[in-house]
2 protein chains.
Amino acid sequence: MKEGPDIARIASLIGDPARANILTALMAGKALTASELASEAGVTAQTASTHLSRLVSGGLLILRRQGRHKYFALASDEVAKVLEGLMGLAAHGGHLRTRTGPKDRAMKKARVCYNHLAGEMGTRLFDRFVGLGYLDRSGNSLRLSPLGKSVMVDFGIDVDGLAGARAPLCRECLDWSERTSHLAGSLGRSLFSRMVDLGWAKRDPAGRAVIFSAKGEQAFEAFLSAKA
Amino acid sequence: MKEGPDIARIASLIGDPARANILTALMAGKALTASELASEAGVTAQTASTHLSRLVSGGLLILRRQGRHKYFALASDEVAKVLEGLMGLAAHGGHLRTRTGPKDRAMKKARVCYNHLAGEMGTRLFDRFVGLGYLDRSGNSLRLSPLGKSVMVDFGIDVDGLAGARAPLCRECLDWSERTSHLAGSLGRSLFSRMVDLGWAKRDPAGRAVIFSAKGEQAFEAFLSAKA
DNA sequence: CCAATGCTTCGATTAGCATCGAACTATGAA
DNA sequence: TTCATAGTTCGATGCTAATCGAAGCATTGG
């Protein structure tokens, strides 16, 4: 009778309303921070913290540390499948959450991640920088090449000043909506703030979305289509 | 955080150990009575009664009255699938239980599930019995073929005596560690107890592991390698 | 260095619920 | 009818875990 895997342990993990809300919020596939999940779940940060650590140690979530943030995501497709199955069982009178409003589309295209550029445009910039040889991604480290440095200087960034600071110059930041990396670090921040200074884009004051002007987007594209 | 399907309600239903045991017992596909389920779950009849009524009103179980008995079964295949998914998550993610000590390896290889053989050897026996035509798995039912019956009789099992009893002769039981079925039912029990009588194996008095002797394992292999 | 932000740990409180003994109802058999 | 078996309801008990306030770390920015 006490045979088999401990499904009660897993099920009771999912069975708490706050944790169920957290898991449901993560069904969208994006990773969210602890604070975001706390507000999704409708509990305080302390409570969410204990829930999240339980979910991680229970194998339902995985954790990515990124600076002073912690990003949580579902651990695997199997987890998502089980949750989907549970939703099916539970859908007697309930309806599925609806997502992907117009705001989400803007967020997906371009948004700030702390103070650097993320979303489609952020990841394209990163990929292109690597392809053009501006960034050198050998081994685990990410470094700015001499070519990349001269391009950045031409763009109006004080690379030497940044390099003197303690903070790392270049860092990869996993972009969860695109499932690939974008550029973080002090260079990433400077790059974005330079774009804002140039009038290419501005931040949505209400959220994390970044709105490029038409001219700004053209300039951005031209910047990326420089020949190697 | 708003309203979605109430997966927490369903999950917390499964999340109680006693109810999880009940559901697991019903995974075999057979309907069981309230008393049987009480003993499967390891709780008293009163406790089981409240659990069962919750499971029914939660939509996980269906109820069939038959005389003064109440037979319970899983409400649908979807329920079974969710349970199976949970078993998968629990088996892979439950790092506390999945430490592979020497004892766990023994458990994985051979153990008792109630009173029949489970684990690698149990599932191999089941598969081989089906392959040799001893068991007929057409449709949902599992039956002992005439050939299988004569082999069982030769092995020293009173098949007719078992068939007269109330308990089902053959039953499939999903083996969580192997993800396939092994043989349960009164035949499964008799088969295992006969192996013990023959000195092939004995139960670990401290746990559920089954320890085969060297000769016993040889005999077991010879038994399975009979030609069809 | 200091301030701000994101997250965690601690302690105390609270609420829910699983559990069982005992008494009760219902069905079937002699 | 009377007895036996199957299952339920009730009340009391005790344990677990969710929750939040407050304080403590850790990282980042200036």
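Just so we're on the same page: letters track the sequence lines, and every chain starts at 1.
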Inset, instruction - Give a yes/no answer on whether the side chain of A:Lys70 brings an N or O atom under 4.0 Å of OP1 or OP2 in C:dT8. - result: yes
Legend entry - Which nucleotide in D:dA6, D:dT9, D:dT19 has an atom nearest any side-chain atom of B:His69: D:dA6
Inset, instruction - Determine the contact category for B:Arg19: base if any of its heavy atoms lies under 4.0 Å from a base atom, sugar-phosphate if only primed atoms, P, OP1 or OP2 are that close, otherwise nothing. - result: sugar-phosphate
Inset, instruction - Could you tell me whether A:Glu221 and A:Arg124 make a salt bridge, using a distance below 4.0 angstrom between a side-chain N and a carboxylate O? - result: yes
Inset, instruction - Among D:dT8, C:dT9, C:dT19, find the nucleotide with the atom closest to the side chain of B:Ala45. - result: D:dT8
Legend entry - Nearest-Å distance for atom pair CG/P, residues B:Asn21 and C:dA18: 14 Å
Legend entry - Nearest-Å distance for atom pair CG/C1', residues B:Leu32 and D:dG7: 16 Å
Legend entry - Between C:dA26 (P) and B:Arg65 (CZ): distance, integer Å: 12 Å
Inset, instruction - Check every strand shown and say whether B:Thr33 touches a base, only sugar-phosphate, or nothing at a heavy-atom separation below 4.0 Å. - result: sugar-phosphate
Inset, instruction - Return the 5'-most residue of the pair B:Gln46, B:Arg54 with respect to DNA chain C, ranking by each residue's nearest nucleotide. - result: B:Arg54
Legend entry - Any B:Thr47 side-chain nitrogen or oxygen under 4.0 Å from OP1 or OP2 of C:dA18: no
Legend entry - Sugar-phosphate only, base, or nothing, as touched by A:Ala18 at under 4.0 Å among non-hydrogen atoms: sugar-phosphate
Inset, instruction - Rounded off to whole Å, could you give me the CD-to-P distance for the A:Glu36 and C:dT5 pair? - result: 16 Å
Inset, instruction - For D:dG7, take OP1 and OP2 only and decide whether either is under 4.0 Å from a side-chain N or O of B:Ser49. - result: no
Inset, instruction - Measure the distance from CG on A:Leu13 to C1' on D:dT16 and round it to the nearest whole Å. - result: 14 Å
Legend entry - Whole-Å distance separating the NE2 atom of B:His51 from the P atom of C:dC17: 12 Å
Inset, instruction - Report the relative orientation of the aromatic rings in A:Tyr134 and A:Phe129; use parallel for angles under 30°, tilted for 30 to 60°, perpendicular for over 60°. - result: perpendicular
Legend entry - Euclidean distance, atom CG of residue B:Leu63 to atom P of C:dA26 [Å, nearest integer]: 16 Å
Legend entry - Whole angstrom value for the distance that separates P of D:dA18 from CG of A:Leu55: 10 Å
Inset, instruction - Using a cut-off of strictly less than 4.0 Å, decide whether A:Thr44 has a side-chain nitrogen or oxygen near OP1 or OP2 of D:dC20. - result: yes
Inset, instruction - Output the single nucleotide from D:dG7, C:dT19, D:dT19 whose closest atom is nearest the side chain of B:Asp16. - result: C:dT19
Inset, instruction - Would you indicate whether the side-chain heavy atoms of A:Leu191 and A:Met152 approach each other to under 4.5 Å? - result: yes
Inset, instruction - Give one of base, sugar-phosphate or nothing for B:Ala34, where a contact means two heavy atoms less than 4.0 Å apart. - result: sugar-phosphate
Inset, instruction - Dump the intermediate steps for side-chain contact (heavy atoms from CB on, under 4.5 Å) on A:Phe72 and A:Leu23, then the final yes or no. - result: CA-CA 10 Å; A:Phe72 295 88; A:Leu23 292 165; over 6 Å; no
Inset, instruction - For the residue pair A:Thr44 and A:Thr47, confirm or rule out a side-chain donor-acceptor distance under 3.5 Å. - result: yes
